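Every value quoted in this text rests on a predicted model; they were computed, and no experiment measured them. Counting starts at 1 for both ligands and their atoms, following the listed order.
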Amino acid sequence: MHELGRIEDLPESYRKDLTAQNLVPLWPSLRAVLPPGKPALRTQATCWSYPSLRPLLLQAGELTPIEKAERRVLVLANPGHGLEKMQASSTIYLGMQLLLPGEWAPAHRHTPNAVRMVVEGEGAYTTVEGEKCPMQRGDLILTPSGLWHEHGHDGDKPVVWLDVLDLPLIYHMETSYVQEGKRQTVASSEAECAYQQGGVTPAPMFNRSGKNYPMLRYPWVQVRAALESLAKAQPETQAVQVAYVNPETGADCQNILGFSALMLRAGETLKLPARSCAMVFHTIEGGAKISSDTAHFTLAEADTCCLPGYTTITLSNTQPNRASFIFIADDAPLQKKLGVYEVRT
Ligand SMILES: [Fe+2]
């Protein structure tokens, strides 16, 4: 590709005349916005160690009462985007949230979609549209766009979870806002029981659920059991991975971000194809070495990392004698809807 004219090549008076009329010449910036072959990626490979961030999160519990925080979160920010942007990738926000015994994070709803992956502790719950979702380690709980949600904690030790939101995208689109609400009346609990068995859904009097988000809690015990049975049934050459889906439609469980859980068998190494989406990895159990063309991380339990798209990624279980379990988030659902999703071989 030949070089194009630079901004400095233009007379200063001409540049001033353009600026005065809010005009910009395209050619000095054309290669930056349309680089050849591969996008210019701002997302940097970044890793956050849970044992390192945990004391700072607990300290936030002492420094800032919940009333002054509403959501007591340390954001896992990618330096490639600038820490102040509070984003892990171009579309993904990650935060570690702390709720102390007896605390309550008040009801609200907002346009960004959120999920919580429970990292530590017992006794907390999220109420979503009146459905009480207990929060146990490894559970995935959805609070999709527009649904009322609040968090409470009846246990006696701190509870920590990883929030994954599409906030950077929704904010960029100038569609991000919140509404405050009153404490919800719990109308049901354990509604996920409705979808405990694959292949069947509730159909009372031949009617299927018309809800956009029929399942709000994906209990880790069930997801783990699904992975274990897949591992037994599948050939060893096939990766043991499940996607979190809407059980009524089989589509991704949310519109913008996609979520899956991967089981690495003892001693297993997997090579993931180069895909156009950035990816987040979080270790639910065990540990893994994660390598891309530029980064090499070793994730222990509860650690989190983010890797940019367009690179192959190698995952190796660090546990010689047992399986490791990894939670994965990406924006593949969005990219597929927009027609920009690619897998490069
Ligand atoms: Fe929220």
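Interatomic distance, OG1 of Thr304 versus CZ of Phe297, reported as 11.5 Å (0.5 Å rounding).
For an aromatic pair to be called close, the ring centres must be under 6.0 Å apart, and His153 with Trp104 fails this.
At a cut-off of 2.8 Å, measuring from the Fe ion (ligand 1), the protein N, O or S atoms that fall short of it are His108 NE2, His110 NE2, His149 NE2, waters left aside.
A salt bridge links Glu120 and Arg54; the closest N-O separation between the charged side-chain nitrogens and carboxylate oxygens is under 4.0 Å. Using a cutoff of 4.0 Å between basic side-chain nitrogens and carboxylate oxygens, Asp163 and Arg71 are not scored as salt-bridged.
Residues Arg116 and Thr143 are in side-chain contact: their nearest non-hydrogen atoms beyond the backbone lie under 4.5 Å apart.
Taking the six-membered ring where the residue is Trp, His149 and His110 present perpendicular rings, their angle passing 60° and hence far from 30°.
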